[in-house]
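These numbers come from the heavy atoms of this one structure, side chains and all, not from hydrogens, waters or symmetry mates. Here is the naming used below: chain letters follow the sequence lines, and residue numbers restart at 1 for every chain.
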There are 2 protein chains.
Amino acid sequence: MQDDEELEELVRENCACLRARMAARKLTRIYDKALKPTGLRITQFTLLIAVKDGRAKSVSALADLLAMERTTLLRNLKVLEEAGLVSSEPSGEGRALSLKLTASGKTRLHEALPHWQAAQRAVEAELGDDWPVAKSSLEQIIRGV
Amino acid sequence: MQDDEELEELVRENCACLRARMAARKLTRIYDKALKPTGLRITQFTLLIAVKDGRAKSVSALADLLAMERTTLLRNLKVLEEAGLVSSEPSGEGRALSLKLTASGKTRLHEALPHWQAAQRAVEAELGDDWPVAKSSLEQIIRGV
DNA sequence: CCTGGATTTGTGTAGGTACACTTTTTCCGG
DNA sequence: CCGGAAAAAGTGTACCTACACAAATCCAGG
């Protein structure tokens with residue numbers, strides 16, 4: 001048991017979770033702003049891409065792929081379904097659902113891609129040579145922890 | 001169309017925002033779980049520490065310090081006030097509010113510190129020598145972007 | 001056939017996030 | 001002194017996040 005003041009200082013100077021959340025907030029604002037003209041948010045945008053990709057055979061599998069709690073994904077998908085961008089139907093395998101983009105979803109995704117690219121380029125330019133290092137660090141956290 | 005496929009691949013393999021959000025989600029689940037017995041979440045915990053520290057002279061200044069949108073911070077503070085852990089009153093300087101921990105807030109923070117430390121140690125152990133690098137990367141994103 | 005465990009999807013509740021817009025207060029130049 | 005710019009706090013709406021709990025479906029052993 002050490003001094004509380006010291007521990008609090010340690011939290012301020014070292015907390016991995018605080019730092020990750022701060023970084024996520026900053027980046028989310030940047031990407032959301034860039035995607036604004038398309039009416040999509042970065043979460044919805046990446047979700048559309050993950051659904052189109054189709055390598056996840058169920059909502060549960062997709063949640064794992066996105067390091068997202070399953071029920072969170074369910075709520076996020078609901079928004080996209082109500083917007084007519086994604087459709088879901090029984091896949092025939094177990095109780096799993098099959099997800100796919102609607103025509104409207106494909107169009108919106110197509111329109112959004114350049115806006116994403118602009119944000120991504122701005123971020124990479126800002127970070128310069130440190131971006132590959134940062135990317136690798138983030139992926140290690142995602143995989144490892 | 002083929003161009004789009006390539007861009008979508010780029011999003012999956014490279015998006016800074018997606019990676020930051022995934023990392024934040026993973027870490028948040030770990031820290032929230034560790035803090036569970038205290039009834040605090042990691043956001044509330046770090047907010048208590050930031051308030052106790054007292055180097056922010058207003059809610060707006062505190063928001064900047066935490067890379068958080070001002071109105072988000074307002075809502076998060078409201079939860080802590082209703083829980084009786086934080087109190088706010090006019091500071092006398094401009095329209096700014098003065099924030100401070102209640103006795104109850106100090107107690108809860110004291111109880112939570114060891115739980116935070118356990119989570120932090122686990123994460124640092126998992127990342128090993130890469131933790132300093134990851135930390136530095138996150139801080140660069142927070143500052144730079 | 002059928003039951004019990006494993007897998008998957010769904011709901012209730014609660015908190016975290018932020019944009020657009022508004023309201024309140026202060027401060028300062030004329 | 002006064003009127004407007006600047007700064008700070010507050011509200012409406014909508015979406016993101018996740019735990020606890022429940023319901024539906026499938027599959028293997030009896």
Side-chain angles (χ1 to χ4, degrees), chain A residues 17-18 20-37 39-48 56-64 66-83 85 88-99, chain B residues 17-18 20-37 39-48 56-64 66-83 85 88-99:
Chain A
C17 191
L18 173 59
R21 289 180 72 87
M22 287 172 70
R25 286 195 291 255
K26 274 227 161 185
L27 290 174
T28 299
R29 286 195 290 266
I30 291 172
Y31 283 74
D32 274 354
K33 190 169 185 177
L35 289 177
K36 184 90 176 152
L40 289 175
R41 298 188 181 193
I42 185 62
T43 302
Q44 303 173 330
F45 172 79
T46 50
L47 191 42
L48 284 183
K57 297 163 297 303
S58 68
V59 173
S60 300
L62 189 56
D64 282 346
L66 297 171
M68 190 179 283
E69 219 282 334
R70 185 187 52 83
T71 61
T72 299
L73 175 55
L74 220 46
R75 260 70 189 249
N76 293 353
L77 282 172
K78 193 160 178 283
V79 174
L80 294 180
E81 286 188 53
E82 285 168 356
L85 305 179
S88 73
E89 37 186 67
S91 65
E93 296 187 9
R95 218 197 144 189
L97 294 182
S98 167
L99 301 167
Chain B
C17 191
L18 174 59
R21 289 180 71 87
M22 286 172 71
R25 287 194 291 256
K26 273 225 161 187
L27 290 175
T28 299
R29 286 195 289 267
I30 291 172
Y31 283 74
D32 274 355
K33 190 168 183 177
L35 290 177
K36 184 86 175 158
L40 289 175
R41 298 189 181 196
I42 184 62
T43 302
Q44 304 174 328
F45 173 79
T46 50
L47 190 43
L48 285 183
K57 299 163 301 301
S58 68
V59 172
S60 301
L62 189 55
D64 282 347
L66 296 172
M68 190 179 281
E69 219 282 334
R70 185 186 52 83
T71 60
T72 300
L73 175 55
L74 222 45
R75 261 70 189 253
N76 293 351
L77 282 172
K78 194 160 177 282
V79 174
L80 293 180
E81 286 188 51
E82 286 169 354
L85 305 179
S88 73
E89 39 186 66
S91 66
E93 297 187 10
R95 219 199 146 192
L97 293 182
S98 168
L99 300 167

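- For the pair B:L35 CG and D:dA18 P, the computed distance is 15 Å after rounding to whole Å.
- For A:L74 and C:dT9, the CG to C1' distance is 7 Å, given to the nearest whole Å.
- Looking at residues two or more places apart in sequence or on another chain, you find a salt bridge (charged side-chain N to carboxylate O under 4.0 Å, His left out) between A:K78 and A:E82.
- The separation between B:R75 atom CZ and C:dC19 atom C1' is 11 Å, rounded to whole Å.
- In this structure, CD of A:E82 is placed 12 Å from C1' of D:dC15, rounded to the nearest angstrom.
- Considering only side-chain N and O atoms, B:T72 lies under 4.0 angstrom from the phosphate OP1 or OP2 of C:dA18.
- Residue order along DNA chain C, read from the 5' end via each residue's closest nucleotide, puts B:V79 first among B:V79 and B:R70.
- Between B:R41 and A:K33, the one whose closest nucleotide on DNA chain C sits nearer the 5' end is B:R41.
- Residue contacts for A:R21: at a heavy-atom cut-off of 4.0 Å it reaches the sugar-phosphate backbone alone, with no base atom in range.
- In this structure, A:E69 places its CD atom 12 Å from C1' of D:dC21, rounding to the nearest Å.
- Residue A:T43 is classed as a sugar-phosphate contact, given heavy-atom separations below 4.0 Å to backbone atoms only.
- Just one residue in the list A:L99, A:L40, A:L85, A:L66 forms a side-chain contact (heavy atoms from CB on, under 4.5 Å) with A:L47, and that residue is A:L66.
- Look at CG on B:L73: it is 14 Å from P on C:dC19, rounded to the nearest Å.
- Qualifying side-chain hydrogen bond (donor to acceptor under 3.5 Å, both in side chains) partners for A:T71, counting only residues two or more places apart in sequence or in other chains: A:E69.
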